[in-house]
A.B. asks: 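Once you've had a glance at the structure underneath, I'll fire off some questions.
To find a chain, count down the sequence lines: A is the first, B the second, and so on, and within it residues start at 1.
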Number of protein chains: 2
Amino acid sequence: MILKSQVEWALHCCAVLAGLPEGRYLSTKALAEFHGLPKEYLSKALQSLSQAKLVESTLGPSGGYRLARPASEVSFLDVVEAVEGKERSFVCSNIRANNPCRPEGFCDTGPCAIARIMWEADAAWRAKLRGVSLAALIQTLEQEVPPALWRSSGEWVKRRAG
Amino acid sequence: MILKSQVEWALHCCAVLAGLPEGRYLSTKALAEFHGLPKEYLSKALQSLSQAKLVESTLGPSGGYRLARPASEVSFLDVVEAVEGKERSFVCSNIRANNPCRPEGFCDTGPCAIARIMWEADAAWRAKLRGVSLAALIQTLEQEVPPALWRSSGEWVKRRAG
DNA sequence: CTAAATAAGGATATGAATTGTCCTTATTTA
DNA sequence: TAAATAAGGACAATTCATATCCTTATTTAG
Ligand code: SF4
Ligand code: SF4
């Protein structure tokens with residue numbers, strides 16, 4: 001059960017977009033270069049973010065993406081679900097229905113305890129992700145990333161932002 | 001990010017084994033019939049449980065599996081990790097190393113904030129699963145499963161237990 | 001106005017993981 | 001002694017993640 005690498009890519013891209021000067025856009029090409037990723041495939045992840053309304057896009061030279069909301073109002077969960085989907089990680093194939101002791105036409109009432117427990121764990125995972133915003137991430141990164149690298153990266157991004 | 005169906009199978013099998021009379025074994029064949037699953041493939045899941053020391057096995061007629069510990073001391077997490085592995089769901093491919101602004105030979109100190117946050121969510125998921133034992137599951141099931149079905153299933157299992 | 005740059009997305013190829021089957025071997029009990 | 005079983009190796013089928021290529025419509029820069 002491994003998250004797709006697009007989740008990591010999307011989180012990194014959102015972190016960069018969150019540091020963009022107000023109103024500017026950053027293109028797929030720039031984001032791909034900055035992270036050393038295949039442009040065409042990264043594009044799919046960005047399209048997922050766009051479909052989820054987390055980012056806005058514009059066309060043409062100086063086009064690209066920007067956050068559709070303040071970074072404080074975009075959570076990790078938003079990004080993860082945009083890429084990975086909202087489905088729960090445990091899917092019940094209802095194998096209890098195969099129990100040979102069941103009377104004919106027996107019908108279960110709702111999900112069983114096993115599924116409920118697995119889903120509670122899933123909910124705990126999502127709650128944790130919901131509790132962290134991109135703004136909080138940026139704040140942590142700013143403290144942790146060496147100042148020289150932080151500054152040069154910021155300038156690189158501004159140079160490429162249309 | 002979907003858990004393999006073997007997780008569901010393993011949990012169901014453990015639930016059945018937890019209800020087994022003291023000291024008896026239940027075979028792969030019986031477990032497969034009870035759940036309507038392919039015997040050969042279910043066998044792989046049971047082997048995982050065996051390798052994780054959650055169940056004990058014995059050979060020959062009347063052979064099969066039984067829990068290696070009291071049901072109160074086997075958690076959902078034990079079962080899930082036996083089948084799905086202990087690796088975290090978020091893997092970091094360290095794409096920050098591709099940042100074109102990095103000085104040559106720059107070396108990061110430890111995992112970044114993105115990875116740490118994802119791993120915290122993973123830990124929350126595992127904590128939830130660690131908090132529920134097979135004994136607790138059985139108790140819930142006994143309350144929820146219709147008494148007639150509960151009883152007939154118990155008898156079916158006893159008949160097949162070697 | 002024109003040409004270049006871009007997002008969006010369809011089609012398709014590749015590789016890896018999951019799911020499933022089949023067979024052999026060693027062991028244990030009936 | 002023979003049947004039943006766990007263990008596990010080999011392999012096939014399917015699904016999914018990853019990646020590339022191409023077309024289209026739109027927007028801005030020049
Ligand atoms: S017992 Fe629960 S997890 Fe298993 S098949 Fe039924 S609903 Fe699904
Ligand atoms: S920023 Fe974090 S998640 Fe991204 S590559 Fe670095 S350590 Fe991994």
Side-chain angles (χ1 to χ4, degrees), chain A residues 1-10 13 17 23-33 35-66 68 80 82-85 87 89-91 93 95 160-162, chain B residues 1-10 13 17 23-33 35-68 82-85 87 89-91 93 95 160-162:
Chain A
M1 193 207 34
I2 302 285
L3 292 165
K4 14 187 169 191
S5 52
Q6 281 194 346
V7 169
E8 185 186 5
W9 302 359
C13 287
L17 293 181
R24 314 276 288 283
Y25 293 88
L26 195 62
S27 71
T28 306
K29 188 147 169 273
L31 285 166
E33 281 178 32
H35 296 115
L37 298 173
K39 177 166 76 78
E40 320 285 346
Y41 191 32
L42 173 62
S43 169
K44 306 293 184 187
L46 296 171
Q47 285 172 37
S48 298
L49 295 178
S50 181
Q51 283 161 8
K53 302 276 173 62
L54 300 183
V55 300
E56 296 168 341
S57 66
T58 188
L59 292 176
S62 84
Y65 295 95
R66 70 180 174 200
V80 170
V83 169
E84 193 71 33
E87 307 80 27
S89 59
F90 180 84
V91 300
S93 52
I95 64 177
R160 301 293 298 264
Chain B
M1 196 210 28
I2 302 286
L3 291 164
K4 12 186 169 191
S5 51
Q6 282 194 345
V7 169
E8 185 186 6
W9 302 359
C13 287
L17 293 180
R24 314 277 289 284
Y25 294 89
L26 196 62
S27 72
T28 306
K29 188 147 168 275
L31 285 166
E33 282 178 32
H35 295 115
L37 299 173
K39 177 166 77 77
E40 320 285 345
Y41 190 33
L42 173 63
S43 169
K44 307 293 184 186
L46 296 171
Q47 286 172 37
S48 298
L49 295 178
S50 181
Q51 284 162 9
K53 303 273 174 62
L54 299 184
V55 301
E56 298 168 341
S57 67
T58 189
L59 292 177
S62 85
Y65 295 94
R66 70 180 174 201
L67 288 187
V83 169
E84 192 71 34
E87 306 80 27
S89 60
F90 180 84
V91 301
S93 51
I95 63 178
R160 301 293 298 266

A.B. asks: When you measure from the side chain of A/S5, which nucleotide among D/dG8, D/dT18, C/dT27 comes out closest?
C.D. replies: D/dT18
A.B. asks: Between A/S57 and C/dT6, is there a side-chain N or O to OP1/OP2 distance below 4.0 Å?
C.D. replies: no
A.B. asks: Here's a test for you: under side-chain contact (heavy atoms from CB on, under 4.5 Å), which of A/L54, A/L26, A/L49 qualifies with A/L17?
C.D. replies: A/L26
A.B. asks: In whole angstrom, what separates B/K4's NZ from C/dG20's P?
C.D. replies: 12 Å
A.B. asks: Considering heavy-atom distances to DNA chain C, does A/M1 or A/P61 have its closest nucleotide positioned more toward the 5' end?
C.D. replies: A/P61
A.B. asks: Classify the side chain of B/E40 and the base of C/dG20 as holding, or not holding, a donor-acceptor pair under 3.5 Å.
C.D. replies: no
A.B. asks: Quick check on C/dA7: is either OP1 or OP2 less than 4.0 Å from any side-chain nitrogen or oxygen of A/T28?
C.D. replies: yes
A.B. asks: Both distances under 3.5 Å, Watson-Crick or G-U wobble: on that basis, could you give the dot-bracket string for DNA chain C, with [ ] for crossing pairs and | for other-strand partners?
C.D. replies: ||||||||||||||||||||||||||||||
A.B. asks: Using atom types as modelled and distance alone, determine if a side-chain donor or acceptor of A/E84 lies under 3.5 Å from a backbone N or O of B/M1.
C.D. replies: yes
A.B. asks: Would you check if the side chain of B/E56 reaches a backbone N or O of B/S50 as a donor-acceptor pair within less than 3.5 Å?
C.D. replies: no
A.B. asks: Quick check on D/dA7: is either OP1 or OP2 less than 4.0 Å from any side-chain nitrogen or oxygen of B/S50?
C.D. replies: yes
A.B. asks: Provide, to the nearest angstrom, the distance between the CD1 atom belonging to A/I2 and the C1' atom belonging to D/dT18.
C.D. replies: 15 Å
A.B. asks: Salt bridge check, A/E33 against A/K39: does any charged N sit closer than 4.0 Å to a carboxylate O?
C.D. replies: no
A.B. asks: Would you kindly give the CG-to-C1' distance between B/L49 and D/dA7, to the nearest whole Å?
C.D. replies: 14 Å
A.B. asks: Mind listing the closest non-hydrogen atom pair of A/G23 and A/R66 along with its distance?
C.D. replies: O-NH1, 3.1 Å
A.B. asks: Taking all heavy atoms of B/A82 and all of B/S48, pick out the closest pair and write down the distance.
C.D. replies: O-CB, 3.6 Å
A.B. asks: Let's see if you can work this out: which of C/dT21, C/dT6, D/dT20 has an atom nearest to the side-chain heavy atoms of A/K44?
C.D. replies: D/dT20
A.B. asks: Within this structure, what is the CD-to-P distance between A/Q6 and D/dT20, rounded to whole angstrom?
C.D. replies: 13 Å
A.B. asks: Rounded to whole Å, please give me the gap between CZ in A/R66 and C1' in D/dT27.
C.D. replies: 14 Å
A.B. asks: Starting at atom CD of A/E84, determine the distance to atom C1' of D/dT18, rounded to an integer number of angstrom.
C.D. replies: 13 Å
A.B. asks: Once you round it to whole Å, what is the distance between P of C/dA8 and CG of A/L42?
C.D. replies: 12 Å
A.B. asks: For D/dA6, take OP1 and OP2 only and decide whether either is under 4.0 Å from a side-chain N or O of B/S43.
C.D. replies: no
A.B. asks: Nearest to the side chain of B/Y41, which nucleotide is it out of C/dA7, C/dT18, D/dT5?
C.D. replies: C/dT18
A.B. asks: Under 4.0 Å from OP1 or OP2 of C/dA8: is there any side-chain N or O of A/Q51 that close?
C.D. replies: no
A.B. asks: Select one nucleotide: of D/dT20, C/dA8, D/dG8, the one nearest the side-chain heavy atoms of A/Y65.
C.D. replies: C/dA8
A.B. asks: Please determine if a side-chain N or O atom of A/Y25 lies less than 4.0 Å away from the OP1 or OP2 oxygen of C/dA5.
C.D. replies: no
A.B. asks: If you take atom types as modelled and just measure distance, does the side chain of B/K39 reach the base of C/dG20 with a donor-acceptor pair under 3.5 Å?
C.D. replies: no
A.B. asks: Quick check for you: among C/dT21, D/dT5, C/dT6, whose closest atom lies nearest to any side-chain atom of A/L59?
C.D. replies: C/dT6
A.B. asks: Could you state the CD-P distance from B/Q47 to D/dG8, rounded to the nearest angstrom?
C.D. replies: 6 Å
A.B. asks: Indicate yes or no for a side-chain donor-acceptor contact from B/Q6 to the backbone of B/L42 under 3.5 Å, with no hydrogens or angles considered.
C.D. replies: no
A.B. asks: Would A/S93 and B/E8 satisfy side-chain hydrogen bond (donor to acceptor under 3.5 Å, both in side chains), going step by step from the backbone distance to the final call?
C.D. replies: CA-CA 8 Å; A/S93 52; B/E8 185 186 6; 2.8 Å; yes
